[in-house]
Amino acid sequence: MSAPRTARERARAELTREILDAAREHLAASGASQLSLRAIARDLGMASSAIYRYFPSRDALLTALIVEAYDSLGAAVEQAEASAARDDVAGRWRAGTRAARAWALDHPHEYSLIYGSPVPGYVAPSDTIDPAGRVGLALAGILRDAHAAGRLRPMPLADVQQARPMLEGLLALVFVDIDEPRVVGAISAWTTLFGTISFELFGHYENIVVDRAAYFDETMRRAGILAGLDL
């Protein structure tokens, strides 16, 4: 059992949380490119120099926001997918993909931060890699389980031969013993998931798609089939 935090540690954690919450309000109001540590310090009644003891630069604050957003999205997808029966491949796929859409609709500014336009001058560090992969790994787990149960759709030999040059050595640890075209399909499904969410969130379906929830479900059903799932 870990030792209880000191009063100083609790105070630091509380103020760090206040800074992050204020930063999200600034994201909503003016976007990531306008994020300012000094402006956040003013809002919190802090000396502008004091905030740098918590986040030494704007990029450090952006990284913390990005990691939290990826982790929040990943947790939502993982929890939804885990709530379905393990042998219900279709149910797990629907639950996971719907959770990603629901999170994006509930957190549009955080979604824009991680899947919208790049922030000028910001280069994401390696700290963001694992959180960014959580959704993909959750969906890949469904594909792996379907493969282990012998429930992936058969792939034509021509598709296997065509896909092999694209993916030599790629994602071997994620898609163990799974044919290359299914890996291509899985990457396409992952791309389709966030492309479909982005089109809806950023207003590209106006006057085109009426029932967006139904359209999303059908699009993700087709994407799952492309990856080899029997949906």
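Remember, predicted model here, so these are calculated numbers, not experimental data.
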*Can you sort out the partners of S126 under side-chain contact (heavy atoms from CB on, under 4.5 Å), two or more places apart, ordered by chain and number?*
I129
_Worked verdict on D145 versus V89 for side-chain contact (heavy atoms from CB on, under 4.5 Å)_ = CA-CA 8 Å; D145 289 350; V89 172; over 6 Å; no
_For a quick test of reading the model, state the closest non-hydrogen atom pair linking A227 to A186 and the distance between them._
CB-N, 3.7 Å
*Identify whether NZ of Lys or CZ of Arg in R12 sits under 6.0 Å from the centre of the six-membered ring of Y54 and within 45° of that ring's axis.*
yes
*Residues two or more places apart in sequence or in another chain: which of them pass side-chain contact (heavy atoms from CB on, under 4.5 Å) with A223?*
A189, T192, M220
*Check R58 against P120 and note the closest heavy-atom contact, atom names and distance.*
NH2-O, 3.6 Å
*Do L35 and I40 pass the side-chain contact (heavy atoms from CB on, under 4.5 Å) test, and can you show the C-alpha distance, the side-chain angles, and the key distance before you say yes or no?*
CA-CA 8 Å; L35 196 65; I40 293 168; 4.0 Å; yes
*So, E14 and R10, do they make that salt bridge, N to O below 4.0 Å?*
no
*For Y115, which of F199, F194, F202 qualifies under ring-ring contact (aromatic ring centres under 6.0 Å, His included)?*
F194
*Check the side chains of Y111 and S198 for a donor-acceptor pair under 3.5 angstrom, ignoring hydrogens and angles.*
yes
_For residues 16-28, which residue pairs pass the side chain to side chain donor-acceptor pair (under 3.5 Å) check, not counting sequence neighbours?_
R17-E68, D21-R24, R24-E68, H26-D43
_Check this for me, if you would: do R98 and D217 make a salt bridge, where the nitrogen-to-carboxylate-oxygen distance has to be below 4.0 angstrom?_
yes
*Kindly indicate, with the supporting measurements, whether the criterion side-chain contact (heavy atoms from CB on, under 4.5 Å) is fulfilled by E110 and L65.*
CA-CA 8 Å; E110 289 94 329; L65 291 168; over 6 Å; no
*Are any side-chain N or O atoms of H147 and backbone N or O atoms of L143, one a donor and one an acceptor, separated by less than 3.5 Å?*
no
*Heavy atoms only: give me the nearest G121-D59 pair and the separation to one decimal.*
O-OD2, 4.0 Å
*For A11, which residues count as a side-chain contact (heavy atoms from CB on, under 4.5 Å) partner, sequence neighbours excluded?*
none
*Write out all pairs satisfying salt bridge (charged side-chain N to carboxylate O under 4.0 Å, His left out) with one or both partners inside residues 192-211, taking only residues at least two apart or from two chains.*
R101-E200, E206-R212
*Could you please spell out the steps behind the side-chain hydrogen bond (donor to acceptor under 3.5 Å, both in side chains) verdict for Y215 and T196?*
CA-CA 9 Å; Y215 174 78; T196 306; 5.7 Å; no
*Let me see the working for T63 and F55 under side-chain contact (heavy atoms from CB on, under 4.5 Å), right down to the final yes or no.*
CA-CA 10 Å; T63 296; F55 295 98; over 6 Å; no
*Hey, are S57 and Y52 close enough side-chain-wise for a donor-acceptor pair under 3.5 Å?*
no
*Using modelled atom types only, decide if a donor and an acceptor are shared between the side chain of R92 and the backbone of R86 within a distance under 3.5 Å.*
yes
*Which pair of heavy atoms, one from L231 and one from A90, lies closest together, and at what distance?*
CD2-CA, 3.5 Å
*asked:* Applying side-chain contact (heavy atoms from CB on, under 4.5 Å), can you list everything that pairs with D87, at least two apart in sequence or on another chain?
replied: A85, R151
